[in-house]
Every structure is written in structure tokens, then in C-alpha cells.
Amino acid sequence: MGRTTVGRTAEQTAEQAVTYRQALHDTLRAEMLRDEDVLLLGEEIGVFEGSYKITAGLLDEFGPRRVRDTPICEEGFVGAAIGAAMLGLRPVVEIMTINFSLLAIDQIVNHAAKMRAMFGGQVSVPMVIRTPGGGGQQLAATHSQNLEVFYAHVPGLKVVAPSTPADAKGLLASAVRDDDPVLFLENLALYNTKGVVPGGDHIVRIGTAAVAKEGSDLTLVAYSRAAVIAHDVARRLEDEGVSAEVIDLRSLRPLDRATVCASARKTGRAIVLEDDWLSYGIGAEIAATIAEGAFDYLDAPVRRVAAAEVPLPYAKPLELAALPDAAALTRVIREVLEATRFVPRRVPSSQG
Amino acid sequence: MTADAPRGVDAPPDLVQLLTPEGERVDHPDYDIELTAEEVRSLYRDLVLVRRVDLEAVALQRQGELGLWASLLGQEAAQIGSGRALTTADMAFPTYREHGVAWCRDVDPVKLLGMFRGVNHGGWDPAEHNFHLYTIVIGSQTLHAVGYAMGVQRDGADAATIVYFGDGASAQGDVNEAFIWASVFNAPVVFFCQNNQWAISQPMERQTKIPLYQRASGFGFPGVRVDGNDVFACLAVTRQALRNAREGQGPTLIEAYTYRMGAHTTSDDPTRYRLADELEAWKLKDPIERVKAYLFKNQFADQEFFDKVDAEADALGKDVRARCLAMPDPKPGAMFQHVYTEPHALLDEEREQYLTYLAGFEAGGER
């Protein structure tokens, strides 16, 4: 294995295709160059350059004053980051995976999220917690979870979950500049995915969903890795004469209910694809949102495709079986289309 | 530590040692041990065999037969010494690296591999061996061990509990809370910290400013630092701490000062953050070589004995490999097992759907 998989780059001014990992790295670096108050804290982020190499080269470039390796104490370094943020610094904490955030959840939920309200608006906590979630890497049950709903449930926090390198850049820049605490959810399965990233200062406003693909027959709602799958499935459905619209939530809190409902009203069919567990998951919130905001327009009940309700198995075939995938989503799409007597439009033959 | 010496190579202060790296038996004012030649040969055999199993497991991982492996290389004496100090009734709570302790608890090494191969979730019965299943999350098991020890205390049983963790885990809140509980309730528990100098890429001085064993005094119980590469000293110190626990004298923190000669896990590459000199210096303190030297010097063993142990180790390695490869894959429905003790409606529904879906392939369906 090479020393790093993320190279240091000159500031990107033109649009170019980079990996999700590189986009995160470059944005972190750009924000550190832009604002001296931005500093990084986390386990293995300095000398080791991060478990997933997002912080590669940053210790060398910015020094230990701004890139700090911490002992293995999540509650400790999240709490310390809150203190630094209250002072006016802009700490970006890396929690090695979202699973370890459970050790810091009191500091996140009871302190970072509530301080502004409980102290009468006299302090704010401008911090970012970057953390990858997701399964599929054979990391077993305690290291493969999708716990974003824990945080998306909590007033005072913002939770974003980009699925593309461009959104990774735009949302991370927004998160660092935000005066409230932001949980920035990455995904282990996306780090090596590539996409075109706008050059210069690219900002995605937190709280806005993206219409990743327009369509008229049904709406697929997803975020993070699931949004990539939904997009692929939607593209394939075009060949079968089905026009699916893909809503990439990007932001789980605040949630862009207007965009979700507008799409459901337009298509009359909605399916959520989510990597978390079905019960009380993000999909439940989306289904309720659509029921409240687009019920009269629906031709079928909102469906959810989620992970099996088991601790994620370590065995590769079982892990794959437990996670929602394109095949599972396609099956449910067909069920919904059949139930609503959908007639595919004629597709021009590629042979001409 | 002198300025030029590689990290952790100079003997640290207050180190309990009974066998030097050169294989010389030395005295210590507080600890002693009397071992017959037969007992020393038996310890030597254990050390060699667990190193061999570990080597085979690393090779299996490299060949794609295990998903991951956490090597114990260099920590054999800490594990065999402390493991051999346990009575049958004592209970041990391991991390994911205690393959040597597992050996002492008569756990078939192949059973350790099942979890790392992904074919089962813990292949042994913890009650049968008084050896808990591996805990992956750092430091959590220290609290479980304290709770278990308090149960033993409540039952008035003549048993102690030992819990393993590393220098990195010493920074976790769980470990510090376990210290408080054990201290306040005088729990019969021994905290056995293998200080292998590195928490992945972070050296010991990034985990603690004072020697780890001295932390105990702040919590109100004794701490002792033992040469973790000295199987005699590890055995003597652990035996005493367990005896104290059984006799109602409460917890002890043992810091076994050792060295992780391999990677943190097979996912790690230590050459990226530590110097080769350091490893070379620690090789001179190898936990196995010093016992071999002691056996030779005292004519407690001859070449025939060493050859025999090596042959046994190779046979064990082969056997472990063969039986690892032969372990059956889990059945597709297995992931729905054990989520609850009783049937659960949603799980039953999901299992039914999944098995029906799979059956569709056998009927010639298309995914």
C-alpha cells in the first residue's frame, strides 16, 4: 500500500473529476487555508493520516497546533471540541466511524445540540463532526451501522449526508462555516467513487435536497450510498420506459420536505431506499412527510427498502444479503408499478 | 529513556522481572516463583505453540482466508504467564488479541478463527472455558468484568476475574469507570493491561504521562509493572494479584510492559509510523528466546526437546489451517438467528421473505 491514497493538490479552480475522498480532503485543506480558526481533532488523523486518509498530508502542512491526534477517548475529544468551539474556534472532529460516536453521544446530544438554546443564545457551537457510516466493508455488527437517525432526531443539530464528490465539497464547506454543530456523515462505500466537482468556492446550502435525476413516473428518495444506487436503478429503468425521479436528500436535518413532496405530487408513486434499519428509520420520516404533504396525489402507498433488522453479519454473503441493494429496490419498484397498472412508454430501439 | 535509545527499550523503572532477556534467573524482593524443569518446559511449549498458531492465522489472512487478524506476536509471555496463573474457577475477559490466554483456557485455536473468517460469532462456550468471547469495542469489557466480579463476590465464590485491555484502551472512559467501580466495591478483579507501546500509530506517551500502573493509586488500589516479556514474572505477579482478589483484598492493576512486534491488525502497516530499530531492539528481549536460553543453561532441556516442540508447532499450524478451511459457511437464514431470545414478528416476516426469494433461484428465477 502506498503512503497515501490522497495527494496534496493545488487549490482546485476548474471543474474536474475527483474521488469523494479527494473532495473531502481538498475541502478540509481549503477551509484550513481560508480560516485559521479551523482545526482538526481525532484518532489517528495526524501521523497515520486518518483511517480513511481524508486528512492525508494535513499534519505535515499545518502542524500539530491545527491537526491533533487524540487519545482513544471519544467523549473527551468531542467535549473538548465543544469547548474550543464555544471560544470561537471551528473544530472539525473526525470520529473514526459513526459507531464510535456512541461513546460521545452525551456530549453531542446533551451539550453540542442544546447549549445555544439552554444558554439563551449567548454561546454557539460552530463545530463539525465528520464521521463515516455504512456497511458492506465486512467490519461486523458494531462497526457497520447507520445511526444517523439518532442525530437527525435531535433539535439543535444539523445532519448532512452527501452522496457525490461535488456535494461532499459543497456541504463540507457549508458545515465548517456554519455556526451550529453539524454532523457530517460520510460513507465507507463512497470514498473511492468519482464525480465532477465544481472548481473554486463551491457551497451547497444545508437543508436543500437535490433532484439528482428528473422523472415523471415515480419518485425514489435516498441519501448517501443509497442515493447512488437509486440513481443507477433510475437510469436503467429509462431503458424499460420508466421515468423515475431521484431525490437525493443530502441533508437529513433540516429536511427539505418541500422538494420531497413536490416530487411525490408530480409522480404519484414514492419509494425510499435507505441503508439504515426500517423501523423508525429515515424512510419512516420520509413516508410520513409524503403522507402529510402529498397524500391526495398518491396512486400507491409509499414503500421503503431498508436493511434487514438484524445486527449486520460479518460473513460476506450474509452481509450483502442484509443490506438493501439495486435488486431489492428494483423488485419493489416493479411491485409498485404493477399494483398501479403502469404502462411503460415505448423506448426507441438503440438499433434505430 | 535515553535520547538515542529506541522507544521503550531501556528497562523502565519499577519493573518486576524474574528472568532476564539473557535467560538469567533474578530475584525480586516482592515476588518469587518456584518452577520445576517440567513446568518451565511446559511454559516454553505454550509460548512456541501460540506463536505458531498466530503466524498461521496471519498467513491465512494474507491469503484471503480470514477477514482480519490481530497478531499477538511479542506478547506471548504476558498472555501465557497471566493465563497460567488462572484457576479453573477464575473468569477471564479478553480483548480480540488474547489468543494465548485462550490457549491457557483450553479453547481450540480453530475456534478463535471462526469469527475472523466470518463463519460464526464466537465459536466457543464462554461458560465451559471461563473465557469470555472476544470484545471488539475498545475497553468495554473492563466494565463487564467488574460486574461479573461483583456477582462472584455476591455469591461468595472462591474465584477471581481477570480482564485484559491495552495501553490505548486506558484512555477510554469505560476503563476509568471500571477502575472506580472495582475500587469502591472492592471487586475481586485483576486489570491486566498489556502495554505494547503502541495504540495503532500512537505511542504510549500519547496515552499517558505517568506510567500506567501508577494510575491505580489514584483510584485506590495497588498497581504493579511487570516485564511482559518475562513469563515467570507475569505468572508470579498475576498469581499474587488473583490470590489477593480471592481473599477479599480487591482489585489490582497489572501493567505488563511488552511490545507489539507485529501490526495492530492485518489492516495496519506499522512501518509507516515506527522505526525498524525499535523492533530490532525488542527482538533482543524476545519472550521465547529467554526461556529457551534458561532451559539450555540449566540443562533442563536438550536439542531433542526443542526440535520436538518445533515439530509439534508445525503440525499444529497445519492442523489449524486445514480445519479453518474446512469450516462450513453459515446458512443464508443464519443472520436472523439470535437477534432475540424469542420469536419476533418482523424478523419472522423478513426471514420468510428472504428464504422465499432465495428459493426463487432454485426454481430457475432471475434476480
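Since the structure is predicted, the reported quantities are computational estimates derived from the model, not experimental observations. Lettering follows sequence order; numbering is per chain, from 1.
- With a 4.5 angstrom heavy-atom cutoff, B:Glu350 touches chain A only via side-chain atoms.
- Within the 3.5 Å criterion, the main-chain N or O of B:Leu346 finds no donor-acceptor partner in the side chain of A:Glu309.
- Only the side chain of B:Asp268 has a heavy atom closer than 4.5 Å to any heavy atom of chain A.
- Surrounding NE2 of B:His344 are more than 12 heavy atoms belonging to other residues, nucleotides or ligands, all under 6.0 Å away.
- A:Glu75 is not listed as a side-chain neighbour of B:Gln172, based on a closest heavy-atom distance of 4.5 Å or more.
- Side chains of B:Val137 and A:Asn99 form no contact here, defined as non-hydrogen atoms less than 4.5 Å apart.
- The two residues A:Leu318 and B:Ala334 have their closest heavy-atom pair at CD1-CB, 4.2 Å.
- Of the two parts of B:Asn120, neither the backbone nor the side chain holds a non-hydrogen atom closer than 4.5 Å to a non-hydrogen atom of chain A.
- Counting only N and O atoms by type, the side chains of A:Glu43 and B:Gln202 include no donor and acceptor under 3.5 Å apart.
- Neither the backbone nor the side chain of B:Tyr340 has a heavy atom closer than 4.5 Å to any heavy atom of chain A.
- Within the 4.5 angstrom heavy-atom criterion, only side-chain atoms of A:Ser279, from C-beta onward, approach chain B.
- In terms of heavy atoms, B:Ala199 sits closest to A:Ile72 at CB-CD1, 4.0 Å.
- Atom CZ of B:Arg321 has more than 12 heavy atoms from other residues, nucleotides or ligands within 6.0 Å.
- B:Arg117 forms no cation-pi arrangement with A:Tyr314, by the criterion of a distance under 6.0 Å to the ring centre and an angle within 45° of the ring axis.
- Within the 4.5 angstrom heavy-atom criterion, no atom of B:Leu358 approaches chain A.
- Taking each heavy atom of A:Pro71 and B:Arg206 in turn, the nearest pair found is CG-O, 3.6 Å.
- Looking at B:Leu347, only its side chain comes within 4.5 Å of chain A, counting heavy atoms on both sides.
- B:Val339 and A:Pro311 make their closest contact through CG2-CD, 3.8 Å (heavy atoms, listed as atom of the first residue, atom of the second, distance).
- Between B:Ala171 and A:Cys73 the shortest heavy-atom distance is O-CB, 3.2 Å.
- Contact tally against chain A (heavy-atom pairs below 4.5 Å) for B:Gly139, B:Gly333, B:Pro330, B:Ser201: the top residue is B:Ser201.
- Within 6.0 Å of the CD atom in A:Gln137, the count of heavy atoms belonging to other residues, nucleotides or ligands exceeds 12.
- Contacts between A:Leu139 and chain B at a heavy-atom distance below 4.5 Å are absent for every atom of the residue.
- Each of A:Gln138, A:His143, A:Glu44, A:Glu319 has some count of heavy-atom pairs under 4.5 Å with chain B, and the biggest count is that of A:Glu44.
- For A:Arg304, the CZ atom sits in a packed shell: over 12 heavy atoms of surrounding residues, nucleotides or ligands are nearer than 6.0 Å.
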